[in-house]
Protein chains: 2
Amino acid sequence: MTTARRSGSALTEAIKRAALELGQESGYAKLSIEAIAARAGVGKHTVYRRWSSKGALMLDSLLSLDESALDYSETGDVVEDLRRQIYEAVDLLAGEPFRPLFQSLVGEAQHDPVVAAALTERFITPQADKTVARLKAAREQGQLSPDFDLDLAMAILSGPLYFRLLITQEPLTHEYVDRILEALFAGMRPRR
Amino acid sequence: MTTARRSGSALTEAIKRAALELGQESGYAKLSIEAIAARAGVGKHTVYRRWSSKGALMLDSLLSLDESALDYSETGDVVEDLRRQIYEAVDLLAGEPFRPLFQSLVGEAQHDPVVAAALTERFITPQADKTVARLKAAREQGQLSPDFDLDLAMAILSGPLYFRLLITQEPLTHEYVDRILEALFAGMRPRR
DNA sequence: TATGGAACGGCACGTGCCGTGCCGTTCTGT
DNA sequence: ACAGAACGGCACGGCACGTGCCGTTCCATA
């Protein structure tokens with residue numbers, strides 16, 4: 001009997017899917033590459049050939065979900081645009097069902113430089129750049145105080161969200177996002 | 001020959017010391033309880049009897065360093081008081097030589113609820129409470145806008161610091177702390 | 001259409017650490 | 001003086017690691 005052999009990319013997808021499934025069932029901690037390979041019906045080599053570690057695999061699996069999902073449209077209103085951008089990121093990664101996995105992944109990045117680098121390159125930097133670009137455009141249109149540090153503004157927007165996700169481990173609601181935006185812009189509007 | 005036997009608390013201290021030493025030498029990731037016990041000249045039971053996991057041991061070892069170190073004096077100026085409080089926490093845990101360990105520990109808290117709970121109870125909550133209490137006192141003295149959410153202010157102070165520590169993994173300088181304080185209070189001062 | 005090489009699934013191996021027993025010894029409280 | 005707890009040392013089974021080797025299947029090239 002000739003088993004229909006799957007193509008390379010189909011295997012890659014099957015492994016990612018198995019990783020996400022097992023991750024949601026058992027949690028990241030008790031997750032082994034052995035188990036993922038078994039679930040995907042694949043040899044361990046086939047996994048190791050593609051990813052160097054459990055963290056790299058999970059990160060890739062998780063971030064493959066977004067792709068275009070993290071784009072957002074422009075309304076002309078800075079606050080509204082930022083709100084939408086943050087809502088989408090928060091809903092995807094800090095909402096069900098992927099919050100625990102994303103959380104564990106950021107945790108893993110604290111031990112594993114490879115995961116940290118990949119996380120920064122594929123998610124953190126793109127998001128931060130988008131935020132700063134939008135702020136910059138607003139500042140040039142006179143909607144913001146011209147002396148405000150945009151990188152700092154970005155950190156003040158992002159920081160409390162990660163603080164909630166990682167430290168207090170409370171849910172990230174839209175209402176919380178709104179409050180941060182409100183507080184930030186209270187101090188950022190141009191002075192009369 | 002009768003080996004001089006160490007008392008219980010002396011053993012506890014010796015194990016903590018060994019854990020911190022090995023943690024700084026090898027990094028948290030490649031750290032085993034076996035190795036810690038060996039370094040401390042102690043049986044594994046003696047470790048397991050005191051701590052339930054590597055994370056619990058490391059957290060205890062690290063936070064035992066502060067004790068009274070995280071107290072600070074009152075100057076009457078909110079910003080100055082908060083600055084001192086944050087400096088001290090940042091210098092101890094996010095400065096050399098303990099930054100990598102603290103970082104890994106917060107990472108561990110993402111997988112291990114026991115570590116997360118201990119971290120919250122022994123460090124996060126006390127720090128947050130202190131900050132909020134100081135803000136509250138200032139507000140009651142009319143130094144702050146009366147409608148500002150103090151918990152949110154605390155998150156805006158803490159969030160960017162953890163963002164730097166965990167996400168962008170840049171050093172936490174006093175200068176950065178100052179900029180956050182400045183930005184926050186720009187939006188918090190009472191309106192005329 | 002024939003052929004070599006790459007990728008595959010399956011299996012087994014040695015390694016490291018886990019957490020837990022059991023031993024005989026040493027200290028402590030009563 | 002004595003019982004019991006805590007100790008250091010050792011050995012154990014278990015698990016997942018990462019890496020070999022096997023024979024098979026697919027694919028590119030000639």
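- With D/dG8, D/dG20, C/dG9 as the candidates, the nucleotide lying closest to the side chain of A/Leu11 is C/dG9.
- Rounding to whole angstrom units, CH2 of residue B/Trp51 and P of C/dC18 are separated by 15 Å.
- Using a 4.0 Å cut-off between charged nitrogen and carboxylate oxygen, A/Asp60 and A/Arg122 count as a salt-bridge pair.
- One finds no salt bridge joining B/Arg17 and B/Glu13 here, because no Lys/Arg side-chain nitrogen approaches an Asp/Glu carboxylate oxygen to under 4.0 Å.
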Every protein N/O lying under 3.5 Å from an N/O of nucleotides 15-17 of chain D:
| unit_1 | atom_1 | unit_2 | atom_2 | d |
| --- | --- | --- | --- | --- |
| D/dC17 | OP1 | A/Ile33 | N | 3.0 |
| D/dC17 | OP2 | A/Ile33 | N | 3.3 |
| D/dC17 | OP2 | A/Glu34 | N | 3.2 |

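- Between B/Tyr28 and A/His111, the ring planes lie parallel to each other; the angle is under 30°, not in the 30° to 60° tilted range.
- Ion pairing of A/Glu175 with A/Arg179 is present here, as a side-chain N (NZ or NE/NH1/NH2) and a carboxylate O approach within less than 4.0 Å.
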Would B/Thr168 and A/Thr120 satisfy side chain to side chain contact (heavy atoms under 4.5 Å, CB included), going step by step from the backbone distance to the final call?
-> CA-CA 7 Å; B/Thr168 70; A/Thr120 297; over 6 Å; no
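- Using a 4.5 Å cut-off between side-chain heavy atoms of Ile, Leu, Val, Met, Phe, Trp and Tyr, with links allowed through other members, A/Ile15 and A/Val114 fall into different hydrophobic clusters.
- The side-chain ring of B/His45 is stacked on the base of C/dT20, judged by centre separation under 5.5 angstrom and plane angle under 30 degrees.
- Atom pair A/Arg39:CZ and C/dG10:C1' shows a separation of 19 Å (rounding to whole Å applied).
- In this structure, B/His174 and B/Tyr87 have parallel ring planes: the angle between them is below the 30° cut-off, well short of the 60° mark.
- The side chain to side chain contact (heavy atoms under 4.5 Å, CB included) test applied to A/Arg49 returns A/His45, A/Thr46, not counting sequence neighbours.
- Residues from residues 14-26 of chain A with heavy atoms under 4.0 angstrom of DNA chain D: there are none.
- Computed from coordinates, the B/Arg49 CZ to C/dG21 P distance equals 13 Å when rounded to whole Å.
- Using a 4.0 Å cut-off, some side-chain N or O of A/Arg50 falls inside it from OP1 or OP2 of C/dC8.
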